[in-house]
Amino acid sequence: SLENDKMRLEKDLSFKDTQIKEYEELLASVRANNQQQQQGLQDSSSKCQALEENNLSLRHTLSDMEYRLKELEYCKRNLEQENQNLRMQVSETCTGPMLQAKMDEIGNHYTEMVKNLRMEKDREICRLR
């Protein structure tokens, strides 16, 4: 009976020893897996933080660009208004008779300049002869 008890206890002890080894292997595996997951979580967290910083930077840049766009649109409207005003001034000052008079004045001035140049050339040619 003692011998049977001893054998049963040894089997029990062997079984328990096997279970302890399996448990320790399982525990080591869980710890390694936990460590990998923590590293992955840290990596994801740092990537997330970098993306948030990038997002904030892009929002800041976007708001700067929107401000610049509004500024440029304001300048464009001012230039369009100035252009319209100048067109009105030109249309008021360059009516048909006034434009013709100005063109005649410029034409006469040009003709006079050509006439003077021809006279100078003729004098130069006479002097050279």
Side-chain angles (χ1 to χ4, degrees):
S1 171
L2 287 175
E3 191 64 34
N4 279 339
D5 284 347
K6 179 183 171 189
M7 285 178 64
R8 194 171 35 88
L9 287 174
E10 284 176 353
K11 280 184 184 179
D12 239 11
L13 184 63
S14 173
F15 177 72
K16 300 275 183 188
D17 192 37
T18 304
Q19 280 187 329
I20 288 172
K21 286 179 184 176
E22 287 176 3
Y23 174 76
E24 287 175 347
E25 288 173 2
L26 182 62
L27 186 62
S29 173
V30 167
R31 284 183 179 154
N33 191 8
N34 187 23
Q35 193 173 25
Q36 287 175 348
Q37 287 182 351
Q38 285 179 352
Q39 184 63 40
L41 181 62
Q42 285 177 349
D43 292 345
S44 295
S45 177
S46 64
K47 286 179 184 177
C48 185
Q49 185 177 5
L51 288 173
E52 286 175 355
E53 290 172 0
N54 192 18
N55 191 15
L56 287 174
S57 174
L58 288 173
R59 283 185 183 168
H60 180 71
T61 302
L62 179 62
S63 66
D64 286 350
M65 292 176 93
E66 286 173 347
Y67 175 78
R68 181 75 177 128
L69 179 62
K70 287 180 182 180
E71 195 175 60
L72 289 172
E73 286 173 350
Y74 176 75
C75 289
K76 178 186 169 196
R77 275 185 259 126
N78 286 343
L79 288 172
E80 286 173 347
Q81 184 64 41
E82 185 179 341
N83 189 11
Q84 186 65 29
N85 292 341
L86 289 172
R87 284 177 189 245
M88 288 175 63
Q89 286 177 3
V90 167
S91 68
E92 289 171 0
T93 58
C94 291
T95 58
M98 289 183 75
L99 183 61
Q100 187 63 42
K102 190 69 170 170
M103 287 177 63
D104 288 343
E105 181 184 331
I106 292 171
N108 290 338
H109 179 69
Y110 176 75
T111 306
E112 186 67 31
M113 286 175 55
V114 169
K115 184 179 170 184
N116 287 339
L117 283 172
R118 280 189 181 146
M119 285 174 50
E120 282 183 40
K121 294 287 182 188
D122 287 343
R123 275 189 236 132
E124 183 72 23
I125 289 172
C126 286
R127 192 179 59 79
L128 290 172
R129 282 183 184 163

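Between Q49 and E53 the shortest side-chain heavy-atom distance falls below 4.5 Å. You'll find the side chain of R8 reaches within 4.5 Å of the side chain of D5, heavy atoms only. By the 4.5 Å heavy-atom criterion applied to side chains, R77 and E73 are counted as neighbours.
Distance check, rounded to the nearest 0.5 Å: CG of L13 to OG1 of T18 gives 9.5 Å. Of the inter-residue distances, the one linking L9 atom CG with N4 atom CG reads 10.5 Å to the nearest 0.5 angstrom. With rounding to the nearest 0.5 Å, the separation of CG in L62 from CG in N55 is 10.5 Å. Taking CG from L2 and CE from M7, the interatomic distance works out to 13.0 Å, rounded to the nearest 0.5 Å. Atoms CG and CG, from N78 and N83 in turn, are 12.5 Å apart once rounded to the nearest 0.5 Å. Taking CE from M88 and CG from L86, the interatomic distance works out to 11.0 Å, rounded to the nearest 0.5 Å.
Between Y67 and the choices K70, M65, E71, the side chain to side chain contact (heavy atoms under 4.5 Å, CB included) rule is met once, by E71.
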Show every donor-acceptor pair shorter than 3.5 Å between a side-chain atom in residues 29-42 and any protein atom, with sequence neighbours excluded, or say none if there are none.
unit_1	atom_1	unit_2	atom_2	d
Q39	NE2	D43	OD1	3.2

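At least one donor-acceptor pair closer than 3.5 Å links the side chain of T111 to the backbone N or O of G107. Proximity of a side-chain donor or acceptor of T61 to a complementary backbone N or O of S57 within less than 3.5 Å is detected.
Partners of E120 according to the side-chain contact (heavy atoms from CB on, under 4.5 Å) rule, which considers only residues two or more places apart in sequence or in another chain, are R123. With sequence neighbours excluded, no residue forms a salt bridge (charged side-chain N to carboxylate O under 4.0 Å, His left out) with R59.
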K121 vs E124, salt bridge (charged side-chain N to carboxylate O under 4.0 Å, His left out): CA-CA, chis, key distance, verdict: CA-CA 5 Å; K121 294 287 182 188; E124 183 72 23; over 6 Å; no

Steps toward side-chain contact (heavy atoms from CB on, under 4.5 Å) verdict (H60, L56): CA-CA 6 Å; H60 180 71; L56 287 174; over 6 Å; no

E112/N108 under side chain to side chain donor-acceptor pair (under 3.5 Å): CA gap, chis, key distance, verdict: CA-CA 6 Å; E112 186 67 31; N108 290 338; over 6 Å; no

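Ion pair E24/K21 not flagged as a salt bridge, since none of the NZ, NE, NH1 or NH2 atoms sits closer than 4.0 Å to an Asp/Glu carboxylate oxygen.
At most 12 non-hydrogen atoms from other residues, nucleotides or ligands lie less than 6.0 angstrom from CD of E82.
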